[in-house]
Amino acid sequence: MRSVFATAVALSAVAASSAKQIVITVGGNTTNNASTVFQPAEVTANIGDVVFFNFTQGNHSAIQSEFASPCIPAHDTNITVNGFNSGPRDAGNGTAITNLPVTVTDNNTIWFYDANTCAEGGVGGINVNESSTETLDGFRRNAIRLNGTSTSTSSSLSATRTGAGSSSTSTSSVSSKSSGAERPVALGFAAVVPMIAAALLL
Ligand SMILES: *[C@@H]1O[C@H](CO)[C@@H](O)[C@H](O)[C@H]1NC(C)=O
Ligand SMILES: *[C@@H]1O[C@H](CO)[C@@H](O)[C@H](O)[C@H]1NC(C)=O
Ligand SMILES: *[C@@H]1O[C@H](CO)[C@@H](O)[C@H](O)[C@H]1NC(C)=O
Ligand SMILES: *[C@@H]1O[C@H](CO)[C@@H](O)[C@H](O)[C@H]1NC(C)=O
Ligand SMILES: *[C@@H]1O[C@H](CO)[C@@H](O)[C@H](O)[C@H]1NC(C)=O
Ligand SMILES: *[C@@H]1O[C@H](CO)[C@@H](O)[C@H](O)[C@H]1NC(C)=O
Ligand SMILES: *[C@@H]1O[C@H](CO)[C@@H](O)[C@H](O)[C@H]1NC(C)=O
Ligand SMILES: *[C@@H]1O[C@H](CO)[C@@H](O)[C@H](O)[C@H]1NC(C)=O
Ligand SMILES: *[C@@H]1O[C@H](CO)[C@@H](O)[C@H](O)[C@H]1NC(C)=O
């Protein structure tokens, strides 16, 4: 009993002291440059940290994807991955601000995109290794080159619209009929895609 109690206390102390919140503003910049939809587009997070996507302006989304297929939900390229997916979040002109909290559960790179601007470069990443071959610039170039294309046309967004402040974790949505056959396969990198848990903090 005693040791169980001690362990629990130790764990909660670690969690309380180390976890931090990181805010990514979505759509806050009203310029037409899609590359600035996520600000910042690249963040570093430790395990246990919570990344808040703060939808402040316009109609955008934050959806987890994989490096080789920037504009396709991760779940559609790998059925075993339940990546996060905010669904469309229309913040209007700052009148309906909502958040999507995403808890980081491992050290792997987490790629994400906005469905409405991905083809123009509306993408970002958590824990990107800029010394590797998979950089944010490379991911963005992929997104623009592929122009948001998918074999399964835009069925991917689950149309959850939620009230202010609520968190929608509409992850394992939809039918994936993507063959993926025409897309370039990632070069010999066996990326284990992180499982993301959406935390219900607020
Ligand atoms: C919006 O983007 C423009 C162009 O990249 C930049 O000059 C400006 O500082 C950004 N504004 C904000 C509030 O981040
Ligand atoms: C758009 O923003 C990106 C990232 O800040 C910048 O590298 C690029 O030059 C900008 N493009 C234009 C056309 O302003
Ligand atoms: C989201 O952005 C709005 C507007 O800038 C701000 O008032 C709010 O505090 C932000 N939310 C978080 C969690 O940072
Ligand atoms: C927001 O964007 C989604 C696509 O991502 C679209 O289906 C929806 O109609 C848009 N909402 C508004 C109010 O424009
Ligand atoms: C958005 O709101 C700001 C101030 O709240 C205002 O200056 C701007 O004109 C509004 N833009 C639109 C398109 O309504
Ligand atoms: C994650 O990275 C941190 C910092 O580099 C390291 O201390 C930790 O052991 C790593 N955890 C896992 C599960 O790889
Ligand atoms: C980043 O990538 C480089 C080159 O592949 C590798 O040597 C390095 O270990 C990686 N760093 C991390 C933290 O994974
Ligand atoms: C990119 O996709 C959009 C929408 O599907 C289309 O209108 C546009 O022509 C495409 N651009 C290129 C260069 O293929
Ligand atoms: C799919 O993701 C799982 C991790 O969730 C990974 O083990 C598996 O290798 C991936 N499959 C492919 C084909 O990338």
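All values reported here derive from a predicted model rather than from experimental measurement. Note that ligands are numbered from 1 as they come in the structure, with each ligand's atoms numbered from 1 the same way.
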Review point. Can you list the steps and then say if Ser61 with Asp114 is a side chain to side chain donor-acceptor pair (under 3.5 Å)?
Key: CA-CA 5 Å; Ser61 50; Asp114 162 36; 3.3 Å; yes
Check your understanding: For Thr77 and Glu66, does a side-chain donor sit closer than 3.5 Å to a side-chain acceptor?
Key ->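 Thr77 vs Glu66: donor-acceptor pair found between side chains.
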Point to revise | Heteroatom distance test (Asn59, ligand 4): nitrogen or oxygen, under 3.5 angstrom | key: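 In this structure, Asn59 places an N or O atom under 3.5 Å from an N or O of ligand 4.
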Practice item. Evaluate the criterion side-chain contact (heavy atoms from CB on, under 4.5 Å) for residue pair Gln64 and Ile110; output intermediate values, then yes/no. Key: CA-CA 7 Å; Gln64 187 177 344; Ile110 300 166; 4.0 Å; yes
Review point. Between Asn142 and Ala68, is there a donor-acceptor pair closer than 3.5 Å when you use the side chain of the first and the backbone of the second?
Key: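 Judged by distance alone, no pair lies under 3.5 Å.
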Practice item. Could you tell me whether atom 11 (N) of ligand 3 has a protein heavy atom closer than 4.0 Å? Key: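 Flag for atom 11 (N) of ligand 3 set to true, protein heavy atom closer than 4.0 Å.
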Check your understanding: Closest non-hydrogen protein atom to atom 5 (O) of ligand 3, residue and atom name please, with distance?
Key ->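 In this structure, atom 5 (O) of ligand 3 has Thr56 CG2, 4.4 Å as its nearest protein heavy atom.
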Exercise for review: Give the single entry among Asn108, Val81, Asn78 that approaches atom 8 (C) of ligand 9 most closely by any heavy atom.
Suggested key: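 Shortest heavy-atom distance from atom 8 (C) of ligand 9: Asn78.
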Check your understanding: What protein heavy atom is closest to atom 4 (C) of ligand 3, reported as residue, atom name and distance in Å?
Key ->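 Going by distance alone, atom 4 (C) of ligand 3 is nearest to Ile97 CD1, 3.8 Å.
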Exercise for review: Looking only at protein heavy atoms, identify the closest one to atom 13 (C) of ligand 3 and say how far it is in Å.
Suggested key: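 I find the closest protein heavy atom is Asn99 OD1, 3.9 Å.
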Check your understanding: Going by atom types only, do Gln57 and Asn93 share a side-chain donor-acceptor pair under 3.5 Å?
Key ->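 A pair is found: one side chain offers a donor N or O, the other an acceptor, under 3.5 Å apart.
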Practice item. Considering only non-hydrogen protein atoms, determine which one is nearest to atom 6 (C) of ligand 3 and report residue, atom name and distance to 0.1 Å. Key: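 That would be Asn54 ND2, 4.1 Å.
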Practice item. Please determine, by modelled atom types, if Asn54 and Thr56 share a side-chain donor-acceptor pair under 3.5 angstrom. Key: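 Result is no, nothing qualifies.
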Practice item. Could you list which atoms of ligand 9 come closer than 4.0 Å to a heavy atom of Thr80? Key: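 Matching atoms, with element in brackets: 1 (C), 2 (O), 3 (C), 5 (O).
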Practice item. Distance to 0.1 Å, residue and atom name: give those for the protein heavy atom nearest to atom 14 (O) of ligand 3. Key: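 Protein heavy atom at minimum distance: Val23 CG2, 3.5 Å.
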Review point. How about Phe139 and Tyr113: are their ring centroids closer than 6.0 Å?
Key: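 Phe139 vs Tyr113: aromatic centres not under 6.0 Å.
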